[in-house]
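These numbers come from a predicted model, not from an experiment. So that the names make sense, note that chain A is the first sequence line, chain B the second, and so on, each numbered from 1.
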Amino acid sequence: MPILEVEHIQKYFDRTEVLKDISFSLEKGQVLSIIGSSGSGKTTLLRCLNFLERPDKGIIRVKGETLFDAGDPATQQEAEIRKKRLHFGLVFQSFHLFPQYTALGNVMLAKELLAKGQPGYDARKKQAHKEIEEQAKELLQQMGLSDRMENYPHQLSGGQCQRVAIARALALQPDILCFDEPTSALDPELTGEVLKVMRELAEQNTTMVIVTHEMAFARDVASQVIFMDDGHILEQGDPRQVFENPKEERTRQFLSRFTQG
Amino acid sequence: MEQIIEQFPVVLKALNIGFLQTLKLFFVTLIGAFPLGLVIAFGSMSRFKPLSVATKLIVWVIRGTPLMIQLLIIYYFPGLVLHHPIWGGGETGRFLAASVSFILNYACYFSEIYRGGIQGVPVGQKEAGLVLGMTKTQIFYHVTLLQMIKRIVPPMSNEIITLVKDTSLARIIALQEVIWAGQAFMKGSQGISGAIWPLFFTAVYYLIFNGILTVLLGRLEKKLDYFK
């Protein structure tokens, strides 16, 4: 059974249809890369998965459970949506780290707030805090930021910020980790260090959905590629097939800039 | 000069009493206007149209007319027009009316500062909180609040210092604040008359108090400097 199933998602902003009948599925441990020009709906699709936007039509299923069904209001209750969001993690293009917390604080905050809501928290407060801190430190270490844990976001480079943001998303152990153009705000040098940790995550079989303009990365790391154009999925399949032998003329046109460059 | 030295202790005592009234009005205004301003800010940002329009109308009227007129209307209107005096006489009644006017006026100014602070925090902060499974309340307290405060402190400092000086307007309804106390010695009070220096000397009170406030608010601003 696929870990993620998206069926016939449709989304309007006012009267403009930005997502047109989007369907795909993803197996556990796979990496899905979504490519396409700006304005093709890639980001909106990710935002729908994370319930930052509400699709007007369609179904989202995770591990067989229907998280969202546009035709069923029972799946759209605010309190429920908050829990459903935890199936997904999202790394933003411009990081959105919390400026008043250190790198470590950023990674720990959500998990601590979540722990506070659990029954019996007060009794094992210290223990819980310690565990969360240990886990956060481990994650930051994994991101190569052992010596940056006590720094505030404004003291970090863009690449470091993005790696903190990745650690922050991982802290909640989401089933599917989404990236929204994670390197678009970075210069080429810093892009490399972020792609490196993402590559490592892929090697550890983290299920990921990655919206990106880094074509080489998408080709090498993805197990599946979707090419989006004007709100449609125009082409979908094995990265080798999409990149080397695109069926659609539009895909070829889009990729030509990359293959020539 | 000799005369001044002779008058000084008497005047100082009277001015101190007056300044106490000034301080009282200052702190009561802050205590009332801080929370009321937040309520008005939320009102003006409400998605419920009638509420936001009504709130914005009130803010427009209050910010668009002199505080002095507001003081006069709030103090005299109930008694003189409605024949139903609600403030009672004497210094207590005047202080009450002045407090209500000041709180209302300053709450409107504060509300605009709050609104700027709230809307100035990038949407991304809230979205980051949401995707991390936080509730809206958690996001407010743990993510946006401190960032708002940081944005609010500088313009708020300005308003607070203006408030110190604005308290002198309460003199229009004969509230016996420090300038009123200084002016009394011109007309004659406690055996001193025709003395103009006490009136001028009241400026020193404002200057010193505002000096202290400036230092304290500056420290607060610096304290929030650890993040950008």
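Using a 4.5 Å cut-off between heavy atoms, A/H154 contacts chain B through its side chain alone, with no backbone atom that close. Residue contact with chain B, scored on non-hydrogen atoms closer than 4.5 Å, involves the side chain of A/Y101 exclusively. Contacts of A/L113 with chain B are made by both backbone and side-chain atoms, with heavy-atom separations under 4.5 Å. Looking at A/Y152, the atoms closer than 4.5 Å to chain B (heavy atoms on both sides) all sit in the side chain, from C-beta outward. At a 4.5 Å heavy-atom cutoff, A/I81 makes no contact with chain B through either its backbone or its side chain.
With a 4.5 Å cut-off on side-chain heavy atoms, A/P99 and B/Q125 count as touching. Between A/M198 and A/Q162, the closest side-chain pair of non-hydrogen atoms is not below 4.5 Å. When side chains are defined from C-beta on, A/I22 counts as touching A/M228, because their heavy atoms get closer than 4.5 Å. In this structure, the side chains of A/D175 and A/T207 stay at 4.5 Å or more apart for every pair of heavy atoms. Counting heavy atoms from C-beta outward, A/L67 and A/F88 have side chains that approach closer than 4.5 Å. The side-chain heavy atoms of A/V164 and A/R148, taken from C-beta on, include no pair separated by under 4.5 Å.
Judged by the 6.0 Å distance and 45° axis criteria, B/R94 is not positioned over the aromatic ring of B/Y75.
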Stepwise side chain to side chain contact (heavy atoms under 4.5 Å, CB included) check, B/L20 with B/N16: CA-CA 6 Å; B/L20 213 65; B/N16 282 345; over 6 Å; no
Starting from the C-alpha separation in whole Å, work towards a yes-or-no answer on side chain to side chain contact (heavy atoms under 4.5 Å, CB included) for A/V194 and A/F179. CA-CA 11 Å; A/V194 171; A/F179 293 81; over 6 Å; no
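Top candidate by heavy-atom pairs under 4.5 Å with chain A, chosen from B/K136, B/Q147, B/H142, is B/H142. Of the residues considered (B/T144, B/V131, B/L146), B/V131 shows the highest number of contacts with chain A, using heavy-atom pairs under 4.5 Å. The candidate from A/R85, A/Q100, A/R168, A/K83 with the greatest count of non-hydrogen atom pairs under 4.5 Å with chain B is A/Q100.
Using modelled atom types, no side-chain atom of A/T206 and backbone atom of A/A202 make a donor-acceptor pair closer than 3.5 Å. The main-chain N or O of B/I74 is found under 3.5 Å from a side-chain atom of B/W87 such that the two form a donor-acceptor pair. Of the possible donor and acceptor atoms, none in the side chain of A/D180 sits under 3.5 Å from a partner among the backbone N and O of A/Q93. For the pair B/S46 (side chain) and B/F48 (backbone), a donor-acceptor distance under 3.5 Å is present.
Closest of all the heavy-atom pairs between A/V91 and A/P182 is CG1-CB, 4.5 Å. The two residues B/G37 and B/S111 have their closest heavy-atom pair at O-CB, 3.3 Å. Annotation for B/S44 and B/S52: closest pair O-CB, 3.6 Å, computed over non-hydrogen atoms. Closest approach of A/C161 to A/P153, counting heavy atoms only: SG-O, 3.6 Å.
Within residues 45-56 of chain A, the residues having any heavy atom closer than 4.5 Å to a heavy atom of chain B are A/R47, A/N50, A/L52, listed by residue number. Taking non-hydrogen atoms and a 4.5 Å limit, the residue list of residues 198-228 of chain B in contact with chain A, ordered by number, reads B/Y226, B/F227, B/K228. For residues 119-145 of chain A, an interface with chain B (any heavy-atom pair closer than 4.5 Å) does not exist. Among the residues in residues 149-177 of chain B, none has a non-hydrogen atom closer than 4.5 angstrom to a non-hydrogen atom of chain A.
For the residue pair A/Q76 and A/K84, no side-chain donor N or O sits within less than 3.5 Å of a side-chain acceptor on the partner. Under 3.5 Å, the side chains of B/T65 and B/Q70 contain a donor-acceptor pair of N or O atoms.
Under the 30°/60° scheme for interplanar angles, the aromatic rings of B/F102 and B/Y106 are found to lie parallel.
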